[in-house]
Amino acid sequence: MMRTSVRLLRLLSLLQARRDWTGPELAERLDVTTRTVRNDVERLRELGYPVDAAPGVGGGYSLGTAAVLPPLLFDDEEAVAVAIGLRTAATGAVSGIEEASVRALAKLERLLPSRLRHRIGTLASTTVALPGSGPSVDASVLTVIAAACRDHERLRFGYRTHGGAEGHRVTEPHRLVASGRRWYLLAWDLERDDWRTFRVDRIVPRPPAGPRFTPRDMPDEDVAARISSGLAQAMWAYRARVVVNAPAAEIAARVPAGITVEAAGDDTCVMEVGSDDPSMLTVYLGMLDADFQIDETANPELADRLRILAARYTRATDTRP
């Protein structure tokens with residue numbers, strides 16, 4: 001049997017890993033009796049950890065909210081993950097947490113064993129973060145959404161579409177997905193009775209959280225595929241159908257996975273692309289390294305930007321006085 005101190009640390013780790021535990025579940029994990037679990041819960045409370053207990057058949061134990069932040073437990077992999085996440089957050093797309101991330105990282109690294117500091121230091125010394133652009137996401141909004149996903153609670157929020165229309169949504173949140181500098185929420189929209197993808201920078205949560213729900217089954221691979229498909233189809237303000245004079249397999253290898261490339265011949269393909277800014281879209285199209293055509297009638301603004309960019313590139317190579 002584990003010593004009391006070791007067992008308390010193991011119990012605390014279990015309570016931090018999941019929201020609800022029954023007494024028998026904890027007893028089985030710790031290889032003790034349910035009475036010992038009750039005694040250990042009391043010891044944790046004396047140490048300042050707010051462990052809530054609910055009686056009855058459906059009851060159990062959960063780690064509540066403390067008045068002050070008690071010590072947290074991390075295994076080696078979790079500690080490395082937290083340190084890497086803090087480094088990323090210091091220069092990432094989540095606004096308002098850069099300085100706090102640096103302070104938290106400094107505290108964490110002072111406590112890390114040398115073997116873990118070396119792993120994190122090696123990654124930091126060989127990684128360069130490119131400056132990004134695009135909308136930032138409020139950290140408090142991410143926290144609210146993540147908590148609703150974790151606790152399986154309905155999420156109400158105001159939402160602005162890429163066309164500027166304002167609306168109200170009631171959802172069963174499933175997963176947060178980060179793609180580049182953007183964050184997306186995959187959720188079951190109760191009004192539309194279907195899965196929907198929402199950009200987090202356009203979400204305004206409207207607390208309190210709704211009732212708890214039974215989560216719908218969807219593997220993480222399907223989540224990623226659905227988000228990618230949604231980005232390719234409807235998440236951009238500007239979209240265009242482009243005919244590219246190159247084989248489909250060749251172009252598919254150069255574009256993000258969410259963009260569908262269809263063969264239109266041995267050396268021609270068609271794809272749907274998009275961007276929040278038509279000027280940025282012209283740059284992406286130029287990086288295809290292949291000739292292409294667009295429908296000027298359907299995309300007049302994109303056509304104008306392409307002419308401006310073509311003239312600018314021509315002037316850049318003009319060596320005449």
Side-chain angles (χ1 to χ4, degrees), residues 2-22 25-32 37 40-41 43-45 47-52 60-66 68-94 96-127 129 137 139-152 173-179 183 185-186 200 215 219-221 223-224:
M2 291 182 288
R3 296 191 306 272
T4 301
S5 57
V6 176
R7 195 175 64 245
L8 286 178
L9 291 174
R10 176 61 177 155
L11 174 59
L12 181 57
S13 179
L14 291 172
L15 291 171
Q16 290 178 171
R18 205 172 84 189
R19 179 176 180 177
D20 299 305
W21 292 89
T22 65
E25 285 178 330
L26 291 173
E28 181 180 358
R29 290 293 191 99
L30 299 171
D31 194 22
V32 296
V37 170
D40 287 348
V41 165
R43 293 187 179 98
L44 287 178
R45 288 169 175 164
L47 293 172
Y49 294 94
V51 182
D52 298 328
Y61 299 98
S62 62
L63 198 60
T65 303
V68 295
L69 181 66
L72 300 175
L73 294 179
F74 298 112
D75 60 27
D76 285 3
E77 297 304 319
E78 289 171 340
V80 171
V82 170
I84 293 173
L86 289 170
R87 285 187 180 276
T88 303
T91 57
V94 182
I97 64 170
E98 296 86 355
E99 182 182 351
S101 299
V102 173
R103 294 200 310 268
L105 180 61
K107 292 179 181 179
L108 178 61
E109 289 188 334
R110 281 199 299 268
L111 300 175
L112 290 175
S114 59
R115 66 181 187 280
L116 298 185
R117 284 201 303 271
H118 176 72
R119 288 172 59 182
I120 297 168
T122 299
L123 179 65
S125 64
T126 57
T127 303
V137 176
S140 63
V141 174
L142 277 179
T143 302
V144 169
I145 296 174
C149 292
R150 178 199 62 199
D151 299 337
H152 310 311
H174 186 70
R175 287 288 189 278
L176 276 169
V177 178
S179 177
W183 288 82
L185 168 66
L186 178 65
V200 174
D220 288 347
E221 301 80 30
V223 171

Open item on the list: Between Leu15 and Tyr49, is there a side-chain heavy-atom distance shorter than 4.5 Å?
Closed with: no

Task: Minimum side-chain heavy-atom gap Leu14-Leu30 below 4.5 Å - done: yes

Can you measure from [atom1] ([X]) to [atom2] ([Y]) and round to the nearest 0.5 angstrom?
| X | Y | atom1 | atom2 | value |
| --- | --- | --- | --- | --- |
| Leu186 | Arg175 | CG | CZ | 9.0 Å |
| Phe74 | Gln16 | CZ | CD | 7.5 Å |
| Thr143 | Arg150 | OG1 | CZ | 10.0 Å |
| Arg7 | Asp31 | CZ | CG | 10.5 Å |
| Arg10 | Leu12 | CZ | CG | 11.0 Å |

Open item on the list: Checking the side chain of Arg117 only, and the main-chain atoms of Leu112 only, is there a donor and an acceptor separated by less than 3.5 Å?
Closed with: yes

Closest approach of [X] to [Y] (non-hydrogen atoms, all atoms of both residues):
| X | Y | answer |
| --- | --- | --- |
| Leu185 | Val200 | N-CG2, 4.0 Å |
| Leu116 | Ala79 | CD1-CB, 4.3 Å |
| Ser62 | Asp20 | CB-OD1, 3.8 Å |

Open item on the list: What verdict does the side-chain contact (heavy atoms from CB on, under 4.5 Å) test give for Val41 and Leu11, after you've listed the backbone C-alpha separation in whole Å, the side-chain angles of each residue and the deciding distance to 0.1 Å?
Closed with: CA-CA 8 Å; Val41 165; Leu11 174 59; 4.3 Å; yes

Open item on the list: Quick test of your reading of the model: are Asp76 and Arg115 salt-bridged, counting only N-O distances below 4.0 Å?
Closed with: yes

- [ ] Give a yes or no on whether Glu28 atom CD has more than 12 heavy-atom contacts from other residues, nucleotides or ligands under 6.0 Å away.
- [x] no

